[in-house]
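I have placed the structure first, in the form of structure tokens, so that the comments after it can refer back to it.
Residue numbering restarts at 1 for every chain, and letters A, B, ... go by the order of the sequence lines.
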Protein chains: 2
Amino acid sequence: MKNLSEQRLRHEVVYEGKFLRLEKDEVLLPNGNQSIREVVRHPSAVAIIAKQEGQLVLVRQYRYALGQETLEIPAGKMEAGEDRDRCAERELREETGYRGRLTYIGSYYSTPGFTDELMYLYLATDLEWDPLAPDEDEFLHVERLPLHTAVADALNGKFVDAKTILGILLAQSKGFFAEEAEK
Amino acid sequence: MKNLSEQRLRHEVVYEGKFLRLEKDEVLLPNGNQSIREVVRHPSAVAIIAKQEGQLVLVRQYRYALGQETLEIPAGKMEAGEDRDRCAERELREETGYRGRLTYIGSYYSTPGFTDELMYLYLATDLEWDPLAPDEDEFLHVERLPLHTAVADALNGKFVDAKTILGILLAQSKGFFAEEAEK
């Protein structure tokens, strides 16, 4: 099998922001030609499928990049040096007010064509009220949907972002919604 | 319900690249405070679940942003003025060599915290060999997996990117793999 890898020839940091860093590299392609790769370096993040009495806990927020409000599963970036389990606990408490029993259920790269952002997915059960203050630039409403409605909405296009659709379908496919479906 | 939206106060284009544009805006938050939003503007893209004789057609490629080879469903960016159906047909032919009967099955925003990239998902069936030359900086191997293996791999973490996991779980949940599962 041919080698597919690309070698870095030149590295440039175009922008270093609060969270993201934009890099523009010149690379050597497998056929000996050269090309440019623009890469957004971004912290890893967590997202949480939080179940409570047969319902999924969601957050409504304004997404500036999209210019619209969205309904998503709670999520957030890992802070420097933060462990992913700790991050999941913190984000769930900040965004929904709940602490829960957390189980890691999978991960994915959001869009590997231009960023290394990695999303860790968790299931949260046995929720107990134990809020933390949200980030000072975050404004959220907590909403709930029956699990079967959430699954239907993941299939019919009512949810718009990858982590919410993927998280719900993954949890459903792994059987984590089965008990509630029987009630 | 409180208004969650954020108003743009100042707009700056930090970087304009071949595909992506990085913007840094100052915004007015719902509570009257100000904050910075860094947004990567990116073309929409398509990704294709291509079925052939009970198998899923995949492409192996080197992802520079991740520094590793990945096995993904075929995908690519929409060109300026290009229709999404046309893009799906072109990308499938460029990346796998096949033309197919295409059905739109859903869409998602990859990661709305920092980019507007929108991914359109298609199902492709009735594949016929009709290749187009790939982009000059793209190097790919076509590989195939039985549909049931692809579903198992979407659940067990063998696939690493959102579009591949989400695309397979969506196609499976919508019943598009059902016929093959019975064979």
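- In the hydrophobic clustering of ILVMFWY residues, with side-chain heavy atoms under 4.5 Å counting as a link, Tyr120(B) and Val59(B) come out together.
- Considering all non-hydrogen atoms of both residues, Ser107(B) and Ile165(A) come closest at O-CD1, 3.9 Å.
- Looking at Glu6(B), the atoms closer than 4.5 Å to chain A (heavy atoms on both sides) sit in the backbone and in the side chain alike.
- For Gln172(A), no part sits under 4.5 Å from any heavy atom of chain B, backbone or side chain.
- When each of Glu117(B), Gln34(B), Gln61(B), Lys174(B) is checked for heavy-atom pairs under 4.5 Å with chain A, Glu117(B) comes out on top.
- Listed in order of number, the residues of residues 83-98 of chain A that approach chain B to under 4.5 Å between heavy atoms amount to none.
- The heavy-atom pair separating Pro112(A) from Ala65(B) by the smallest distance is O-CB, 3.6 Å.
- Under the 4.5 Å side-chain contact rule for hydrophobic residues, Leu145(B) and Ile168(B) share a cluster.
- No part of Asn33(A) comes within reach of chain B, as not one of its non-hydrogen atoms sits under 4.5 angstrom from that chain.
- The candidate with the highest count of non-hydrogen atom pairs below 4.5 Å against chain A, out of Asp116(B), Leu118(B), Leu155(B), Thr70(B), is Leu155(B).
- Considering every non-hydrogen atom in both Leu4(B) and Arg60(A), the closest pair reads CD1-O, 3.7 Å.
- For chain B, the nearby part of Ser35(A) is the side chain; its heavy atoms alone come within less than 4.5 Å.
- Sorted pairs that involve residues 43-67 of chain B and meet ring pair (Phe, Tyr, Trp, His ring centres under 6.0 Å), not counting sequence neighbours, are lacking altogether.
- With a 4.5 Å cut-off on side-chain heavy atoms, Phe114(A) and Lys77(B) do not count as touching.
- By the salt bridge (Lys or Arg N to Asp or Glu O under 4.0 Å) test, Glu72(A) is found to be paired with Arg63(A), Lys163(A), residues two or more places apart in sequence or in another chain being considered.
- Contact residues of residues 7-29 of chain A toward chain B are Arg8(A), Val14(A), Tyr15(A), Gly17(A), Lys18(A), Phe19(A), Leu20(A), Leu22(A), Lys24(A), Asp25(A), Val27(A), Leu29(A) (heavy-atom distance under 4.5 Å).
- Your options are Gly167(A), Gly106(A), Gly76(A), Gly113(A), and the one with the most heavy-atom pairs under 4.5 Å with chain B is Gly113(A).
- Contact count against chain B (heavy-atom pairs under 4.5 Å) is highest for Val160(A) among Val39(A), Val160(A), Ile36(A).
- Contact detail for Ala154(B) and Leu170(A): the closest heavy-atom pair is O-CD1, 4.0 Å.
- Both Phe176(A) and Met119(A) are members of a single hydrophobic cluster when ILVMFWY side chains are connected at heavy-atom separations under 4.5 Å.
- Ala45(A) does not touch chain B: none of its heavy atoms, backbone or side chain, sits under 4.5 Å away.
- Leu123(B) and Phe159(B) fall within a single hydrophobic cluster, where Ile, Leu, Val, Met, Phe, Trp and Tyr are joined by side-chain heavy atoms under 4.5 Å apart, directly or via other members.
- Considering only heavy atoms from C-beta on, Asp137(B) comes within 4.5 Å of Arg37(A) through its side chain.
- Of all the heavy atoms in Ala162(A) and Ala162(B), the pair that sits closest is CB-CB, 4.4 Å.
- Hydrophobic clustering places Ile73(A) together with Phe177(A) (ILVMFWY residues linked when any side-chain heavy atoms are closer than 4.5 Å, directly or through intermediates).
- Side-chain atoms of Tyr108(B) and Leu166(A), non-hydrogen and from C-beta on, never get closer than 4.5 Å to each other.
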